[in-house]
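As the structure lists them, so they are numbered: ligands from 1, and atoms in each ligand from 1.
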Amino acid sequence: MQKKIKINNKKLKTSILIKKNFISKFVKNIAKKNEKVFCIVDSKIRINLNINNQKNIIVISLRCGEKIKTFDGYKNLAEKIILKDVNRKSAVIAIGGGTLGDLVGFVASTTLRGLDFYLIPTTLLSQVDSSIGGKNGINTIFGKNLLGTFYQPKEVLIDISILKSLPKKEIRSGYAEIIKHALIKDYKFFCWLEENSNKLLNLNKSILEQAIYQSIIIKLYYVIKDEREFLSNNNSRAMLNFGHTIGHAIEKYYDYQKFNHGEAISIGMITEAKISNHLGLLSSKELEKIIIHFKKCRLKIYDEVLNDRRLIKILTKDKKNFHNNINFSLIDKIGSSIFYKKLEKKQVYKILKNIK
Ligand SMILES: NC(=O)c1ccc[n+]([C@@H]2O[C@H](COP(=O)([O-])OP(=O)(O)OC[C@H]3O[C@@H](n4cnc5c(N)ncnc54)[C@H](O)[C@@H]3O)[C@@H](O)[C@H]2O)c1
Ligand SMILES: [Zn+2]
């Protein structure tokens with residue numbers, strides 16, 4: 001399968017190409033169009049870019065993970081690029097997972113007030129989620145992604161052949177974002193995933209590409225309607241935060257050590273589904289259906305941190321939450337989500353204490 005999705009409206013211009021075994025060619029094509037190209041590559045990726053004779057491509061390899069999304073990570077990379085005589089005719093290509101993409105996007109958007117930026121996501125999570133929509137950023141001691149910009153890549157290349165080396169744990173992490181997209185917007189897709197999750201988790205090519213494509217379409221639905229998250233209705237980009245209010249707080253609680261992003265938001269989605277059930281929104285039958293699917297796919301559903309008051313403290317520091325209220329994007333059915341529910345800090349603590 002080869003597919004190209006082009007978005008070319010007044011506010012948003014970008015394109016997404018889904019094509020196998022194409023990374024090296026893609027990089028060379030960009031090098032032909034730019035004076036200098038900075039390829040920032042995750043050091044775990046096994047790939048031969050075949051660029052020996054191309055002097056205008058500079059490769060910078062980074063050891064990735066949440067720890068690079070910091071002030072230091074930003075400074076080191078920006079300074080490396082500046083030292084190598086970046087100019088306005090330079091382009092930046094990020095070849096890596098979501099952490100690399102988020103950092104490089106932020107560096108590209110701020111260096112010389114914005115360089116042309118291309119993304120080649122190499123984890124399932126980054127192919128279905130973080131490479132789409134133009135959000136980037138780094139973390140601060142106060143929480144995740146608190147510094148960043150909206151900056152659309154010129155083009156995104158999704159090449160599933162790069163996923164072969166990805167550990168199973170990371171495949172499941174990406175699957176968590178796929179299932180999130182189904183839960184907030186597409187009941188039929190959820191049923192299709194119930195049927196096909198085994199094949200998908202075993203990297204069946206055709207199933208994988210279909211799931212990635214459908215995930216991207218759902219994410220784009222919100223990005224096109226509400227790129228900067230201004231809307232306050234069910235079309236708001238905030239709907240994509242389902243599972244993330246709790247998920248981000250869990251990541252922060254454990255200082256990004258115990259769980260990867262997908263694991264934390266899996267616990268987040270189940271917990272927020274339980275909150276929704278507790279509020280009388282999501283039926284017990286549908287909640288059970290979701291839990292069964294998560295268990296079948298060995299996605300995490302619980303952690304003891306949910307009973308710790310310190311989690312509530314972290315939740316109130318989230319950039320979406322003010323005045324002791326905590327905002328949740330919840331689902332009221334499989335395939336249907338509702339805009340922020342404001343819950344009081346005390347109420348959240350009480351609910352969390354009562355759910356197992
Ligand atoms: N910008 C957005 O809209 C958005 C959306 C969702 C998530 N995110 C962010 O994305 C990040 C998570 O991304 P991630 O899950 O890709 O994490 P990651 O970048 O840390 O990658 C996970 C691990 O896989 C390794 N890796 C990457 N590609 C590989 C490959 N092909 N083979 C073998 N190993 C490989 C990495 O080195 C790392 O150890 C989080 O920081 C999250 O906040 C951003
Ligand atoms: Zn996420």
Side-chain angles (χ1 to χ4, degrees), residues 14 23 40-47 61-70 73 94-106 108-109 117 119-139 143-153 156 158-181 183-184 203 215-216 218-220 222-223 227-229 237-252 256-257 259-269 272 318-319 329:
T14 188
I23 294 180
I40 322 299
V41 187
D42 184 316
S43 59
K44 286 204 190 125
I45 289 162
R46 309 259 160 279
I47 187 176
S61 175
L62 289 184
R63 282 180 61 125
C64 292
E66 205 61 41
K67 61 191 175 299
I68 57 162
K69 285 176 60 175
T70 57
I95 310 180
T99 56
L100 181 112
D102 278 9
L103 171 72
V104 177
F106 188 37
S109 73
F117 172 48
L119 259 173
I120 306 178
T122 63
T123 59
L124 182 58
L125 186 139
S126 54
Q127 296 193 340
V128 300
D129 193 348
S130 65
S131 65
I132 311 299
K135 275 190 184 177
N136 60 52
I138 57 171
N139 307 325
K144 273 202 86 167
N145 304 329
L146 290 180
L147 285 173
T149 58
F150 289 96
Y151 194 66
Q152 294 296 338
V156 181
I158 311 277
D159 181 339
I160 61 161
S161 45
I162 198 74
L163 300 179
K164 274 187 292 207
S165 54
L166 198 63
K168 266 265 141 43
K169 181 179 154 84
E170 299 300 336
I171 304 278
R172 266 198 294 275
S173 178
Y175 185 69
E177 299 278 16
I178 297 178
I179 202 80
K180 177 194 78 181
H181 288 142
L183 287 173
I184 62 170
L203 299 186
S215 245
I216 291 174
I218 294 170
K219 176 135 191 200
L220 280 175
Y222 295 102
V223 172
E227 188 197 11
R228 303 214 164 203
E229 221 165 302
R237 187 170 178 167
M239 314 316 285
L240 295 160
N241 285 332
F242 172 59
H244 283 62
T245 303
I246 297 282
H248 279 165
I250 294 176
E251 284 186 281
K252 173 87 184 69
Y256 310 101
Q257 301 295 317
F259 298 120
N260 65 25
H261 182 68
E263 289 171 331
I265 65 140
S266 294
I267 300 168
M269 282 189 278
E272 293 180 19
D318 188 300
K319 61 186 184 293
S329 302

Main chain of Asn260, side chain of Glu263: is a donor-acceptor contact present, judged purely on distance under 3.5 Å?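 Yes, because the side chain of Glu263 sits within donor-acceptor range (under 3.5 Å) of the backbone of Asn260.
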
Give a yes or no on whether the backbone of Gly97 and the side-chain of Ser126 come within a donor-acceptor separation of less than 3.5 Å.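 Checked: no pair found.
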
Does even one non-hydrogen atom of [X] get within less than 4.0 Å of ligand 1?
X      : answer
Asn260 : no
Asp102 : yes
Gly96  : no
Lys180 : no

Nitrogen or oxygen atoms of Ile162 and ligand 1 under 3.5 Å apart: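 Among all N and O atoms of Ile162, at least one is under 3.5 Å from an N or O of ligand 1.
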
With respect to Thr122, determine whether any N or O atom, backbone or side chain, lies less than 3.5 Å from an N or O atom of ligand 1.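 Yes, there is a polar N/O contact under 3.5 Å.
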
In the structure I gave you, are the side-chain heavy atoms of [X] and [Y] within less than 4.5 Å of one another anywhere?
X      : Y      : result
Tyr256 : Lys67  : no
Leu125 : Ser130 : yes
Leu103 : Ile40  : no
Lys180 : Leu240 : yes

Looking only at protein heavy atoms, which one is nearest to [atom], and what is the separation?
atom                    : result
atom 3 (O) of ligand 1  : Lys219 NZ, 3.4 Å
atom 22 (C) of ligand 1 : Glu170 OE1, 3.4 Å
atom 8 (N) of ligand 1  : Ser130 CB, 3.6 Å
atom 29 (C) of ligand 1 : Leu166 CD1, 3.6 Å
atom 21 (O) of ligand 1 : Thr123 CG2, 3.6 Å
atom 42 (C) of ligand 1 : Lys144 NZ, 3.5 Å
atom 37 (O) of ligand 1 : Asp42 OD2, 2.7 Å
atom 38 (C) of ligand 1 : Lys44 NZ, 3.9 Å

Specify whether Phe117 and Tyr151 have parallel, tilted or perpendicular ring planes, treating 30° as the upper limit for parallel and 60° as the lower limit for perpendicular.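 Taking Tyr151 first and then Phe117, their aromatic rings lie parallel (interplane angle under 30°).
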
Could you tell me, atom by atom, which parts of ligand 1 come under 4.0 Å of a heavy atom of [X]?
X      : answer
Glu66  : 40 (C), 41 (O)
Ser165 : 30 (C), 31 (N), 32 (N), 33 (C)
Lys135 : 1 (N), 3 (O)
Gly65  : 20 (O)

Looking only at side-chain N and O atoms, does Thr70 offer a donor or acceptor that is under 3.5 Å from a partner on Asn139?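 The answer is no; no qualifying pair exists.
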
Is a donor from one side chain sitting under 3.5 angstrom from an acceptor on the other, for His261 and Glu66?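 No donor-acceptor contact under 3.5 Å links the two side chains.
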
Search all heavy atoms of Phe150 against all heavy atoms of Arg237 and return the closest pair with its distance.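 In terms of heavy atoms, the two residues are closest at CE2-NH1, 3.9 Å.
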
Mind listing the closest non-hydrogen atom pair of Leu163 and Thr123 along with its distance?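 Result for this residue pair: CD2-C, 3.6 Å.
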
Any Lys/Arg nitrogen of Glu229 or Lys135 sitting under 4.0 Å from an Asp/Glu carboxylate oxygen of the other?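 Judged by the 4.0 Å cut-off on N to carboxylate O distance, Glu229 and Lys135 do form a salt bridge.
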
Looking only at heavy atoms, is any part of Lys69 under 4.0 Å from ligand 1, and if so is it the side chain, the backbone, or both, or is it neither?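 The part of Lys69 near ligand 1 is the side chain, not the backbone.
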
For atom 13 (O) of ligand 1, which of Ala264, Gly98, Pro121, Gly137 has the closest heavy atom?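 Closest candidate by heavy-atom distance is Gly98.
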
Glu251 and side chain to side chain donor-acceptor pair (under 3.5 Å): which partner among Gln257, His244, Lys144?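 So, applying the side chain to side chain donor-acceptor pair (under 3.5 Å) to Glu251 and each of Gln257, His244, Lys144, only Lys144 qualifies.
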
Write the atom name of the N, O or S atom in Glu177 that is nearest the Zn ion (ligand 2).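 Distance check against the Zn ion (ligand 2) picks out OE2 in Glu177.
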
What's the NE2-the Zn ion (ligand 2)-NE2 angle here (His244, His261), rounded to 10 degrees?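 Vertex the Zn ion (ligand 2), arms to NE2 of His244 and NE2 of His261: 100°.
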
